[in-house]
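To keep things clear, I will list the structure first and then write my remarks on it.
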Amino acid sequence: MALQSIRARGAFSSSRVAPQPLRAARAVRAVRVVASAAAVTAPSLPYRVGHGFDLHRLAEGYKLIIGGIDIPHTKGCEAHSDGDVLLHTVTDAILGALSLPDIGQLFPDTDPKWKGARSDIFLKEAVRLMGDKGYVLGNLDCTIIAQKPKLSPHKENIRSNLSAILNADPSVVNIKAKTHEKVDSIGEERSIACHAVVMLIRKDLA
Ligand SMILES: [Zn+2]
């Protein structure tokens, strides 16, 4: 590397070292990011895309709740909260789109406050943060993966309830359901999983 370019790099990096008071202020801000999602300032992009994924073990003795709807089944999701795999996934997709900490950081399962909690609390908080950051829901596409029970009879109910929690028109909320071809833990009915992709639109463009 030419000496000139090394000098140029050195000058560039030293010019990027902030004064100590500024560094301290940045450190405090970094801590607040974890403590409070509201401390994060997301760049004001016109559109933001987020992905969410969640998986729960299925076990007897638990209710199966998907999208806030009780689904009759012999097993339910093992979880600290109500184990709603869809609402957890959508919460993480929205938080991800906003570059905020994930659901596990905002609502740690070590906190007794969230034991048995209804998962719409988590999603409503994500929706509140979305509004705070100046975005509205563009559209949401979800895929629930379960070998059993058959979810197609419940899809419309799930979509309607999820749309209400999101305060969104059902036409921008899509729910797909598929099996796992009887392979791996999902296919062997030992777990259930969900993926979601969300697009947020800056309010002034919606
Ligand atoms: Zn979960």
Side-chain angles (χ1 to χ4, degrees), residues 33-37 40 49-130 137 140-151 154-155 157-168 173-180 183-198 200:
V33 163
V34 179
S36 165
V40 176
V49 173
H51 170 258
F53 170 77
D54 194 25
L55 179 147
H56 282 268
R57 275 198 292 262
L58 287 170
E60 289 177 2
Y62 292 88
K63 287 172 96 172
L64 181 60
I65 302 171
I66 301 177
I69 302 293
D70 280 5
I71 310 286
H73 193 43
T74 53
K75 297 175 183 174
C77 289
E78 271 185 6
H80 189 67
S81 65
D82 66 3
D84 194 320
V85 70
L86 174 61
L87 297 195
H88 295 179
T89 300
V90 175
T91 301
D92 250 355
I94 292 174
L95 293 174
L98 296 167
S99 297
L100 290 175
D102 66 27
I103 187 171
Q105 290 172 277
L106 291 187
F107 310 101
D109 61 9
T110 48
D111 189 337
K113 186 164 58 178
W114 308 120
K115 185 163 174 55
R118 284 173 49 140
S119 296
D120 58 345
I121 294 170
F122 310 143
L123 183 51
K124 282 175 181 167
E125 176 61 8
V127 169
R128 189 189 68 77
L129 289 165
M130 174 176 73
L137 184 75
L140 169 69
D141 187 21
C142 308
T143 303
I144 308 162
I145 313 168
Q147 194 63 41
K148 279 185 183 173
K150 198 173 174 54
L151 294 175
H154 305 285
K155 280 198 312 190
N157 251 352
I158 290 171
R159 176 158 86 151
S160 161
N161 199 53
L162 177 58
S163 305
I165 296 169
L166 291 164
N167 201 20
V173 175
N174 192 41
I175 303 290
K176 308 194 293 293
K178 60 188 296 166
T179 72
H180 211 259
V183 298
D184 300 334
S185 67
I186 302 172
E188 292 164 5
E189 302 173 42
R190 292 185 284 116
S191 67
I192 184 168
C194 187
H195 291 266
V197 176
V198 69
L200 311 185

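Just so you know, ligand 1 is whichever comes first in the structure, and atom 1 is the first atom listed for that ligand. Just so it is clear, the values below take in all heavy atoms, side chains as well, and ignore hydrogens, waters and symmetry mates.
- Screening residues 51-62 for salt bridge (charged side-chain N to carboxylate O under 4.0 Å, His left out), with sequence neighbours left out, gives R57-E78.
- Side-chain atoms of D102 come within 3.5 Å of backbone atoms of G104 as a donor-acceptor pair (strictly under, hydrogens ignored).
- Residues passing the ring-ring contact (aromatic ring centres under 6.0 Å, His included) test with H51, sequence neighbours excluded: H195.
- Sorted by first and then second residue, the salt bridge (charged side-chain N to carboxylate O under 4.0 Å, His left out) pairs involving residues 63-73 (not counting sequence neighbours) are K63-D70.
- With contacts defined as side-chain heavy-atom distances shorter than 4.5 Å, the pair I71/I158 qualifies.
- Only protein N, O or S atoms were considered, and those under 2.8 Å from the Zn ion (ligand 1) are D54 OD2, H56 NE2, H88 ND1.
- Side-chain contact between L200 and M130: present, with at least one pair of heavy atoms (C-beta onward) separated by less than 4.5 Å.
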